[in-house]
There are 2 protein chains.
Amino acid sequence: MQRLQTTGLELFYAQGYYDTSVDDILKKLELSKGAFYYHFDSKEDFFIQIIQNLLARKIYSTLIEPIEGHDNPITLITKCFDNAMETAVHNEMDYGCILSNFLTEFNGKNEVIMRHLNEIVTVWEVNLITALQKGKFNGYLDRHVDCEASATFLMSSYFGVRTLMTSAAPASKKYRFMSQLRQYFKSIEAKPVNS
Amino acid sequence: MQRLQTTGLELFYAQGYYDTSVDDILKKLELSKGAFYYHFDSKEDFFIQIIQNLLARKIYSTLIEPIEGHDNPITLITKCFDNAMETAVHNEMDYGCILSNFLTEFNGKNEVIMRHLNEIVTVWEVNLITALQKGKFNGYLDRHVDCEASATFLMSSYFGVRTLMTSAAPASKKYRFMSQLRQYFKSIEAKPVNS
DNA sequence: CTGTTAACAAACTAAGTGGTCAGTTTTGAA
DNA sequence: TTCAAAACTGACCACTTAGTTTGTTAACAG
């Protein structure tokens, strides 16, 4: 069962949902169709279970959990993005940010799945905002910073760079991105008081 | 012929390439399959012609041409992104950035098409870098700015925010994004000389 | 009027697609 | 040992896919 979902997510991530047939998955697993439809109502049902069981966890462990804590959110987020992109650089099987890819694929096509995906996006957003607000409260961020806006900007840039990284020269893309991310962070960090 | 390609791009953009059948396009055009395959070798050939004839032009007119000129690139890029996102906000048929969507869809699946798409990305990148360098030369940007890195950062953030905008509250996403884009720009613009 | 050709129509093929179902094996408790 | 429920098989169904083939117009040069 776990094996089913893991393989499913791998294939869906690599080939896309609509371009991965149930037969594809079953062939890789050497399983029969009957077994599959015994466990799942439909391909869509299968995918939704994957979202809830695997995708949500994956996003949490790579993008949310690392930014929790009471340290400087700038440091935490920088490290978090750096790590996430580093695995992408070193993983030849990188097809961009899973979440962003699926958002693109299902947009305007499957409302049910979109709701599940957007839920994960919202969780990420809320956690980012919270981390930033906490950072502001603790004096790491300038007190004029718009945390909601900053979160949107950070999410955008991360989604986008992961898309760009798949094309060519991911390592250099990562380096350039990180340098400008730091530049942005420098502009919202707490200014030293000239007393 | 023009009608064929225009309708094709509309459908490919809205539903994705793999989820749009030749029959879909022909049904909307009230045309026969014979006519289609008289003009095009294959579905892929059809799409590649669309990329070259329509997509490249669309990217040029919305993202490249507006940033050409000798004004402050910060102003130009800000206005350009603002306009591009504004049409997205007001267009109920918005499915994100066409280029970014296709990059996601074809990544790892069709190398030929990927090459064509990446060509467009490169053109955009080169023009962005040029605009920034010119801005640096003309004293609009701080002379320590890494123009390549800045271009990557700008492209990433734009791709990403267009993906996010399709989910919910595009207008508010736009507003938040633009505010932080300005914040970023403020951090790379030429510092006033304290003489 | 004739023959040629560009432009299309429509029926067709072969290979998939998601999904079903009658039947078989495996498991585990009584 | 029994037997029912759970787990699984693989052939099958209706349908869709990209692409082909054969046939029909319409225009037009000679």
Side-chain angles (χ1 to χ4, degrees), chain A residues 1-55 101-102 105-117, chain B residues 1-55 101-102 105-117:
Chain A
M1 174 69 79
Q2 185 78 8
R3 201 170 120 258
L4 256 170
Q5 298 190 349
T6 307
T7 308
L9 182 57
E10 276 169 22
L11 287 179
F12 285 142
Y13 172 51
Q15 312 180 20
Y17 175 83
Y18 290 108
D19 206 35
T20 304
S21 69
V22 177
D23 287 332
D24 286 342
I25 303 166
L26 296 176
K27 199 187 295 172
K28 193 163 178 183
L29 287 166
E30 288 175 353
L31 213 75
S32 74
K33 228 162 195 185
F36 180 86
Y37 281 98
Y38 173 77
H39 289 292
F40 307 100
D41 289 347
S42 63
K43 186 186 177 187
E44 178 178 321
D45 172 59
F46 175 56
F47 187 69
I48 291 175
Q49 291 201 31
I50 287 181
I51 294 179
Q52 294 173 327
N53 287 332
L54 298 183
L55 186 61
N101 287 6
F102 287 143
E105 180 165 14
F106 290 107
N107 178 31
K109 286 177 218 157
N110 189 318
E111 273 204 45
V112 179
I113 293 185
M114 278 304 278
R115 263 202 298 278
H116 283 91
L117 294 174
Chain B
M1 174 69 78
Q2 184 79 7
R3 204 170 118 259
L4 254 170
Q5 298 190 349
T6 308
T7 308
L9 183 57
E10 277 170 21
L11 286 179
F12 285 143
Y13 172 51
Q15 310 180 21
Y17 175 82
Y18 290 108
D19 206 35
T20 303
S21 68
V22 177
D23 287 330
D24 285 343
I25 303 166
L26 296 174
K27 198 188 293 172
K28 193 163 178 182
L29 287 166
E30 288 175 355
L31 215 73
S32 73
K33 233 162 190 184
F36 180 87
Y37 280 97
Y38 174 78
H39 289 291
F40 307 100
D41 290 346
S42 63
K43 187 188 177 186
E44 179 177 320
D45 171 60
F46 175 56
F47 187 69
I48 291 176
Q49 290 202 32
I50 288 182
I51 294 178
Q52 294 174 325
N53 288 332
L54 299 184
L55 186 61
N101 287 6
F102 287 143
E105 180 165 14
F106 289 107
N107 178 30
K109 286 178 219 159
N110 190 317
E111 274 205 42
V112 180
I113 293 184
M114 279 305 278
R115 264 201 297 278
H116 284 90
L117 293 174

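Note that this is a predicted model, so its numbers are computed, not measured. Each chain gets a letter, A, B and so on, in the order its sequence line appears, and its residues count up from 1.
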Item checked: Donor-acceptor pair, side chain of A/Lys109 and main chain of B/Gln15, under 3.5 angstrom -> yes

Note to self: For A/Asp23, is there any backbone N or O sitting under 3.5 Å from a side-chain donor or acceptor partner on A/Lys33?
What the structure shows: no

Check: Within 45° of the six-membered ring axis of B/Tyr17 and under 6.0 Å from that ring's centre, is NZ or CZ of B/Lys43 located there?
Finding: yes

Next item on the list: Do nucleotides 17-24 of chain D as a string where each nucleotide becomes B, S or -: B if the base has a protein heavy atom under 4.0 Å, S if just the sugar-phosphate does, - if no protein is that close.
Entry: SBBB----

Check: Would you call B/Asn110 and B/Met114 a side-chain contact if the rule is heavy atoms closer than 4.5 Å?
Finding: no

Next item on the list: Would you indicate whether the side-chain heavy atoms of A/Gln52 and A/Ile48 approach each other to under 4.5 Å?
Entry: yes

Next item on the list: Taking the six-membered ring for Trp and the full ring for Phe, Tyr or His, determine whether the centres of B/Tyr37 and B/Phe46 are under 6.0 Å apart.
Entry: no

Note to self: For a 4.0 angstrom threshold against heavy atoms of chain B, report the outermost contacting nucleotides of DNA chain C in 5' to 3' order.
What the structure shows: C/dA6 to C/dA10

Check: If you measure from CG on B/Leu54 to CD on B/Gln5, what distance do you get to the nearest 0.5 Å?
Finding: 5.5 Å

